[in-house]
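In what follows, every heavy atom counts, from backbone to side chain, and hydrogens, waters and symmetry copies are set aside.
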Amino acid sequence: MEAFQLLSRGGIKFDKNRFKEDVRLFTKDSKKASKGKQVARKDSGELPAELDFFKYAQGGAFSKRKADGTGDGETHDDKRRRLGGDEESEDESDAGSSSGQPMPRHRVTAKGSNVPEHAESFEALKERYQLSSHILANLSSNGFKHPTGIQSHGIPILLEGRDLAAISPTGTGKTLAYTIPILQCLGAPVASAKSAAGTGVRAVILAPTKELAHQIHNEFLRMAEGRKWRIVLFSKATAATLTDKNARDKVDIIVSTPLRLVASLQNGTLELSNVRQLVLDEADRLLDAEFLSQVQEIVAACSHTSIQKAVFSATFPAGAEKLAMEMLRDPIRIVVGLKDTPLPLIAQSLTYVSDESSKLPTLLTYLSQPYNPPVVIFVSSQPRATSLAEELIINGVPNVDCLHAGLTKKEREDAVARMRKGESWVMISTEVMARGMDFKGVREVINYDFPTSVQSYIHRIGRTGRAGREGKAVTYFTNEDAPFLKPIANVILQSGSSVPEWIRKLPKPSKMKRRAMGKVQRGDFVDKARKIGRGDVIKKRDMIAGSKRRKEKAERARAEMRGPGADGDRGMEVD
DNA sequence: AAAAAAC
């Protein structure tokens, strides 16, 4: 293990300038990706208007890159005409999108009473809602020029104090859509706050992983820069500083994972009775069985009568959405694009690898050819993440990294930091990375292990293709995965990539298998949640037993990964 | 079916 850490960190030093030059090495694959998309467009014939971005992508992104502007403006206008009245402006630009690629345009649908009109620009928000010039300045200095769809529609709703259920694809700027209204409301305290503007925590943001909470916290800090709000990333350490009520009263915003917050509520070191804004990010995840009771406890603790709640996600299975709608008051529901559909900017494909032992050789072959780093590789368990990383390092793959929740806090933070600095070329991770994490440079996602739900698939591949960039997503499947192939294939087809005919013709999976894919019935959803009481805390001896089990599992995973026929099938691309 | 989430 130590040797692995040394190897994975030592490796070849990676400096950014060199990287820029190396990029030329990898153009082969990016051409392949775009070719794949053209094929997909041909194959799938007529696409729904909101999905037909290919023309746009070619006219916009490509022509700019090739310094050949022909047809660019025309494509844009053409698009506008075709989409007609429902379509809303949505060019995203952010600090990272220096390539100048505009975001594709999506259809936006809003349901609810008295839906406020969307805002075409951040300046319009200033005119209509007196958005503070301080926030505007921070937007501009961070490179945010135009609101994305979810921002132009969601921000007015939140600024008017309405509850919101927002569904918008991965990488379309959901975080900023609630960051701005929350900061704005802090700046102009609601009338009922009376004497005390500083009466403790007034906004809570929940996220399912520490990494995501950290990232959200950073986004708040960026937008709040220059103001002296106290925005706290809740952790063991920060919670300990808040045992004193005076310290607590100075906190304005808390970003946290659910269990951490519940722990503080239960030991009485936290008050949430003055919380005016509560956001559930990755809400469908937070409302699934494992988190639901914790989240409900937090919601109950936010006892102020004028609390505003908002839920955000790229996916929302019916059961989770029902639960969400039940906890919102007179909500407005916004959907950007099509629910549960990845961005067409992500070129998706399936690769048949017959069995477990064929995966590693297939991946090694792939990584021995020019590819586009950084690549994120998803596996199904912590031991598999560790052992795959070891195997890649043993096989001489440079700059391999690994992130899962079995690592220490510091190891996790370091892995994220290396990813942000561009030092990781190959990042192997579990579901912990699947949601929300915004690494702007990710060019490719490989599902080394088949995702266990369509939601997981959508979020995993959403690590690439962010903020208007193109991305590539490859999913390995074995014979054993075949029964679960159809729902994923449907998602791929719906978002405009192509799927081989034999997969398209697979029968629908049985009810039992569908459930395994995450389409849990509402009844199951609630029953499961009830069984997990709020006092159902992990006991220390369980954790010790767990860690022992993990070690044994890692051993088994290593053996399995090398496999009996590690030099067998190379796997083949079915495209 | 496994992951994640406190101290």
Side-chain angles (χ1 to χ4, degrees), chain A residues 205-214 233-243 254-270 280-298 356 378-386 402-409 412 428-437 447-457 459-460 478 480-481 483-484 487-488 509 512-520 524 528-529 532-544 546-547 549-550 553-554 556-557:
Chain A
I205 295 90
L206 293 180
T209 65
K210 289 176 194 166
E211 282 76 13
L212 183 54
H214 198 305
L233 176 60
F234 218 53
S235 66
K236 176 168 61 168
T238 52
T241 67
L242 299 182
T243 48
I254 284 179
V255 185
S256 181
T257 50
L259 198 51
R260 180 54 266 194
L261 212 53
V262 167
S264 286
L265 284 175
Q266 287 178 350
N267 70 24
T269 56
L270 188 66
L280 308 188
D281 203 339
E282 305 298 344
D284 54 335
R285 176 76 184 93
L286 291 177
L287 292 170
D288 78 20
E290 295 81 356
F291 276 122
L292 181 60
S293 60
Q294 299 164 24
V295 170
Q296 283 173 335
E297 187 166 344
I298 293 161
E356 182 53 42
F378 283 104
V379 295
S380 61
S381 73
Q382 296 177 5
R384 285 179 63 77
T386 306
C402 167
L403 175 62
H404 59 72
L407 302 177
T408 65
K409 195 177 177 232
R412 289 171 71 165
I428 299 160
S429 183
T430 59
E431 288 298 300
V432 73
M433 270 261 295
R435 282 176 177 261
M437 294 311 294
N447 286 317
Y448 187 85
D449 290 334
F450 203 73
T452 54
S453 70
V454 285
Q455 287 77 28
S456 163
Y457 176 78
H459 287 278
R460 282 175 172 195
T478 63
E480 285 180 15
D481 299 321
F484 311 106
I488 304 292
M512 204 189 75
K513 281 167 184 165
R514 281 224 310 280
R515 182 192 294 183
M517 289 301 296
K519 295 196 175 178
V520 184
D524 300 349
K528 234 185 183 175
I532 300 173
R534 72 173 193 155
D536 193 8
V537 207
I538 301 160
K539 299 278 186 325
K540 200 165 189 178
R541 63 164 187 279
D542 294 340
M543 287 179 67
I544 292 163
S547 104
R549 265 201 307 278
R550 271 199 294 279
K553 268 171 124 178
R556 278 201 298 276

Using whole Å, report how far [atom1] of [X] lies from [atom2] of [N].
X        : N     : atom1 : atom2 : answer
A/Lys236 : B/dC7 : NZ    : C1'   : 7 Å
A/Arg460 : B/dA4 : CZ    : P     : 11 Å
A/Gln382 : B/dA1 : CD    : P     : 18 Å
A/Arg384 : B/dA3 : CZ    : C1'   : 14 Å
A/Leu407 : B/dA3 : CG    : P     : 13 Å
A/Leu242 : B/dC7 : CG    : C1'   : 15 Å
A/His404 : B/dA3 : NE2   : C1'   : 12 Å
A/Asp288 : B/dA2 : CG    : P     : 16 Å

A/Lys236 side chain near A/Arg260 side chain, heavy-atom distance below 4.5 Å: yes

Short side-chain to backbone donor-acceptor contact, A/Ser429 and A/Leu403, under 3.5 Å: yes

Name the nucleic acid region contacted by [X], choosing base, sugar-phosphate or nothing; use a 4.0 angstrom heavy-atom cut-off, strictly under.
X        : value
A/Pro208 : sugar-phosphate
A/Arg435 : nothing
A/Ser456 : nothing

B/dA3 base / A/Glu290 side chain donor-acceptor hit below 3.5 Å: yes

Selection from B/dA3, B/dA1, B/dA5 that lies nearest to any side-chain heavy atom of A/Thr452: B/dA1

Side chain of A/Arg260 (C-beta onward), nearest among B/dA3, B/dC7, B/dA5: B/dC7

OP1 or OP2 of B/dA1 under 4.0 Å from side-chain N/O of A/Ser453: no

NZ/NE/NH1/NH2 to OD/OE distance under 4.0 Å, A/Arg435 and A/Asp284: yes

Of A/Gln382, A/Met433, A/Arg384, the residue whose pairing with A/His404 passes side-chain contact (heavy atoms from CB on, under 4.5 Å): A/Gln382

Residues that A/Thr238 engages under side chain to side chain donor-acceptor pair (under 3.5 Å), provided they are two or more places apart: A/Ser235

